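Contents: one structure, followed by commentary.
Owing to the predicted nature of the structure, the values given are computational and were not obtained by experimental measurement.
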Amino acid sequence: MRNWRLRRGITALALALLALPAVPGTALAEPPTYPFRDPHLPVNARVDDLLGRLTLDEKISWLHQYQPAIPRLGIGLFKTGTEALHGVAWSTDIDNNGAVVKARGTVFPQPVGMASTWNTDLIRQVGSAVGDEARGYHAQNPRVWGLNLWAPVVNLLRDPRWGRNEEGYSEDPLLTAAISTAYGSGMTGGDPNHLKSAPTLKHYLAYNNEVRRDVTSSNVPPRVLNEYDRAAFEPAIAADAATGVMAAYNLVNGRPATVDPDLATVVRDWTDQPLMNVTDAWAPNNLVASQGYYATQAEGNAAIIKAGLNSFITDDTNAQPTITAIKQALATSLLTERDIDARIREILNVRFRLGEFDPGGGRYGGITPDVINSPKHQRLARQAAGEAMVLLKNQRQALPLDPARTRTVAVLGPLADTLYSDWYGGDLPYQVTALGGIRERLGSSASVSGLDGADRIALKDVATGRYVTATGTTDANPVTATGATASLDAQFDVVDWGQDVVTLRNAANGRYLGYNWGPFLTRDEQPNGWYVQQQFKLEPQADGTVVLRYVGYETKESWFGADTYVTVGDDGSLKLGASTPAAATHFSREVVSSGIDRAVAAAKAADTAVLVVGSNPFINGREAHDRTSTALSAGQEALVKAVARANPRTVLVLQTSYPVTIRWEQEHVPAIVWTTHAGAETGHAIADVLFGDRNPSGRLTQTWYRSDSQLPPDLLEYDIISSGQTYLYSTAKPLYPFGHGLSYTRFRYGQLRAGAQSVAADGTITASVDVTNVGSRAGTEVVQLYTHQRTSRDTTPIRQLKAFQQVKLAPGQTRTVTLRLPAADLAHWDVTRSRWVVESSVHDLMVGASAEDIRARAAVRVRGETIPARDLSRPTRAENFDRYAGVRLVDETKPSGTAVGATAAGQWISFDGSALSAGARTFTAKVARAGAGAGTIQVRLGSPTGRLLGTATVPSTGDDYRYVSTSTELARAVGTHDVYLVFDSPLRLAEFSIR
């Protein structure tokens, strides 16, 4: 069928070319109607026509993010990359040196919140709204607002300490895939031949750490790679819900993700549609700079193109370095024009499907700016924010609040009357805070007060007796220590965001103290920017004073310098003039009023206290900054404890971008609701849930741990199987399990009925259960189906989500929920044969309200296959071990392949259940050793110290990528054994055999 379409396209193209007017020797009065402009031709034919008209220089220029206009063909600028993570967020302006231009449209909940709806239909609507607004902005200014959208983020939320937790969906690959496919489908419009917008999945692959992210390598064994990380990305690509992926900054198994060969092979094999893959910002330069992977940019750029990337996001608006390096690669035969053509062909396919070369911009070209922040989208945002909220606890039906009996409410906490955006969110066109939403819901007859619970302080230089004082709100108004009294402009509200980091908001002008590279200012309405410069620590000293330490994000950079403490000059000017507390200016911290005291008084006077506490997305971890803890800040926890003790009718609203360890709160506060930062409609959504206008239906998409001790010590531990991470493999008892979420009604599950007791590996399992609403309110249950494989050659998940379905039920209503699961979805990656396998085994089917709240069970026998004993007589890839200690996975060569890298003596890998024949007497291995001298590989049975069969010598090859073959004779061993390869020193092993 595809060949027939191609022949038809070529024929149509030939006819169109014949129809062109021939005017030899003269210029045409009007631009010619080129075949690539004809929307009736197949896309491939149009691509071929335009590609054939481009010069080599023009094609090379289109490999940069800013693909320049080609006036001679009537083609305008095309820009890859508009951020659209939860609404159109920002883009960059080529006409203003790449300056960031923020959107001011509809902002939906952060992705971790959108996923907590577990509602793919809703998320598809959200994606469609985002695609519409992207078109609206594009209609305003196509040079700024491109239609290639960089979203969604598909990286799995393996560890909640990841700084970008807010950007992802879930720790589970199936749920992540379902939500990302829904969001992407909405953005594309659902028609693979006509794109509303072109979403790009971020960030391929195994990317969950921010600190030194460009030089850290994610160690991902084949099972984790295939069952976990790739599994999250494949569905959206396979469903044509995305038009490409963005390569991550990190290395994966020793190779920079920017040149991951998956991008030209595995990822492209998931779909028949051409993909347009992009680098992350400045990542091409990292290959030569921080990563030192290639000696020249020409080598690096050639490798990027061959690895399957189409767009270089680097050097801001300056394409010349990219162009120069690519031309050098062509001149030195590192690339051919055919390599360039392959990438440009893929770019063009996306541009054609976007309608760029169609009359009027194609199918979606008529969308106007009127859609931006339209009333329809505002209503959708309120619905999404409401459905995203999760009821974590509701003791003695503390919620919902009765509006008729709730006449006085104290809304307290640092997020009570403030909404925060984030790095990948647009500016809010309006704000409905929790305080505003509750006031609106209760009306003028109720008394609703609001306090942030912050201490108000003044800082007096003990040497001069002068107070730190704001002088205005512009760059020309430095903050100085010149105040004679603690007047209002010398007072600051202190909010603790955790790990002793605070913000200081001036009481007179409401602006935050910030560094701004000097001088210190009170200019900013909120903490913001790439280097968030509104962060400080007030460090107590032995003499009772405090010193002011600046901890803006740029202080974490190696180039910043040692001076992070504030000193005061003779003229009262503040500067960073000290590297130690002893050399810093000492201040007395005078408390003007206690935030806790004021909050307690307000709580005591109210029928109900609503505490809104949580995180600031610009401070509590973000891109380039991981969290060291998931604990609520000490100051906010103290506020919660004081208010909860003052008023037993306290409701806690947690507004965070990640799970929080709130053990005291869970034990002592009667009702707890979680929401992420949910956009302009946050306050409406909170009021809707608190007063019962919306019955909460959100469910957690991550495990909430009891303490940080339940997480691995090292954030860089990517092997979730061996380290027991996520709900799939963790045996720790969580605070709240994956899938948890309560309702204002109760649901009863009947018996789980399997469609058959036994199914073939190519069959389908059906699981049916009756769900009844036994409460007095209508509500929505999320029925979750988990499975567990009872027997396997390999370690399998304790439980794994395989299907889910929302079911809406009126009081007393019963519905039969039937979930269908192809038996093929029970496959796992067989490392012995490098393929998917459905083993013969009994599988437990478990349905319930969370991963640990299982309400009904059944079992089905799956007739699959038995993994045979390993045959080590065939070449065996070293990476396909079963277990390991100490070794790292590394790049076999720079273009492709994965090897095992030992770094110290005693490290080992095992190959379990290996069948050794009587004639298997020779161990042969492909090895490399960069260091001087020889190393060894011991072949042992049963354990790393078990019976020694032989020792192979690994000679120095002088280079990690120069491999040689080594062999040794082995002692006789017959039967099935666990074979261990034990290393004595740093070396690399690519493959081996025992014959």
Restricting to non-hydrogen atoms, name the atom on [X] and the atom on [Y] that form the minimum distance, rounded to 0.1 Å.
X: Glu346; Y: Pro274; result: CG-CB, 4.0 Å
X: Asn301; Y: Ala325; result: ND2-CB, 3.3 Å
X: Ala902; Y: Val887; result: CA-CG1, 4.3 Å
X: Ser956; Y: Ala932; result: OG-CA, 4.0 Å
X: Leu157; Y: Glu171; result: O-CB, 3.2 Å

Only counting residues at least two apart or in another chain, list the ones meeting side chain to side chain donor-acceptor pair (under 3.5 Å) with [X].
X: Asp762; answer: none
X: Ser840; answer: none
X: Lys802; answer: none

Quiz item: For Asp159, what residues pass the salt bridge (Lys or Arg N to Asp or Glu O under 4.0 Å) criterion, not counting sequence neighbours?
Solution: Arg161
Quiz item: Tell me the ring-ring contact (aromatic ring centres under 6.0 Å, His included) pairs involving residues 899-955, sequence neighbours left out?
Solution: Trp908-Tyr980, Phe911-Phe992, Phe923-Phe992
Quiz item: With sequence neighbours left out, which residue pairs that include part of residues 863-892 fulfil the ring-ring contact (aromatic ring centres under 6.0 Å, His included) condition?
Solution: Phe881-Tyr884
If the condition is ring-ring contact (aromatic ring centres under 6.0 Å, His included), which residues does [X] pass it with, not counting sequence neighbours?
X: Tyr207; value: Trp162, His203
X: His788; value: none
X: Tyr204; value: Phe233
X: Trp282; value: none

Measure from the side-chain N and O atoms of [X] to the backbone N and O of [Y], and report whether any donor-acceptor pair falls under 3.5 Å.
X: Ser218; Y: Val252; result: no
X: Glu839; Y: Ile867; result: no
X: Asn277; Y: Asn310; result: no
X: Arg223; Y: Asp719; result: no
X: Thr176; Y: Ser170; result: yes
X: Asp339; Y: Lys306; result: no

Quiz prompt | Pairing of Arg164 and Glu623 as salt bridge, 4.0 angstrom limit | solution = yes
Just wondering, do [Y] and [X] contact through their side chains at under 4.5 Å, heavy atoms?
X: Trp836; Y: Asn226; result: yes
X: Thr922; Y: Ser967; result: yes
X: Thr314; Y: Thr279; result: no
X: Leu711; Y: Pro160; result: yes
X: Ser873; Y: Arg995; result: yes
X: Tyr718; Y: Ile720; result: no
X: Leu987; Y: Thr936; result: no
X: Leu63; Y: Ser311; result: no

Quiz item: Atom CG in Asn155, atom NZ in Lys202: separation rounded to 0.5 Å?
Solution: 9.5 Å
Quiz item: Can you list the steps and then say if Arg870 with Arg793 is a side-chain contact (heavy atoms from CB on, under 4.5 Å)?
Solution: CA-CA 11 Å; Arg870 278 188 182 270; Arg793 177 196 181 278; 3.5 Å; yes
Quiz item: Name the one of Arg962, Arg255, Arg877 that satisfies salt bridge (charged side-chain N to carboxylate O under 4.0 Å, His left out) with Glu892?
Solution: Arg877
Self-check item: Residue that, paired with Asp844, satisfies salt bridge (charged side-chain N to carboxylate O under 4.0 Å, His left out) out of Arg799, Arg790, Arg861
Solution: Arg790
Under 6.0 Å from the [atom1] atom of [X], do we count more than 12 heavy atoms belonging to anything else shown?
X: Arg833; atom1: CZ; answer: yes
X: Arg835; atom1: CZ; answer: yes
X: Arg883; atom1: CZ; answer: yes

Exercise. Determine which pairs satisfy salt bridge (Lys or Arg N to Asp or Glu O under 4.0 Å) with at least one residue from residues 943-961, sequence neighbours left out, and list them in order.
Key: Asp960-Arg988
Self-check item: Any residue meeting side-chain contact (heavy atoms from CB on, under 4.5 Å) with Val211, in chain and number order, not counting sequence neighbours
Solution: Asp626
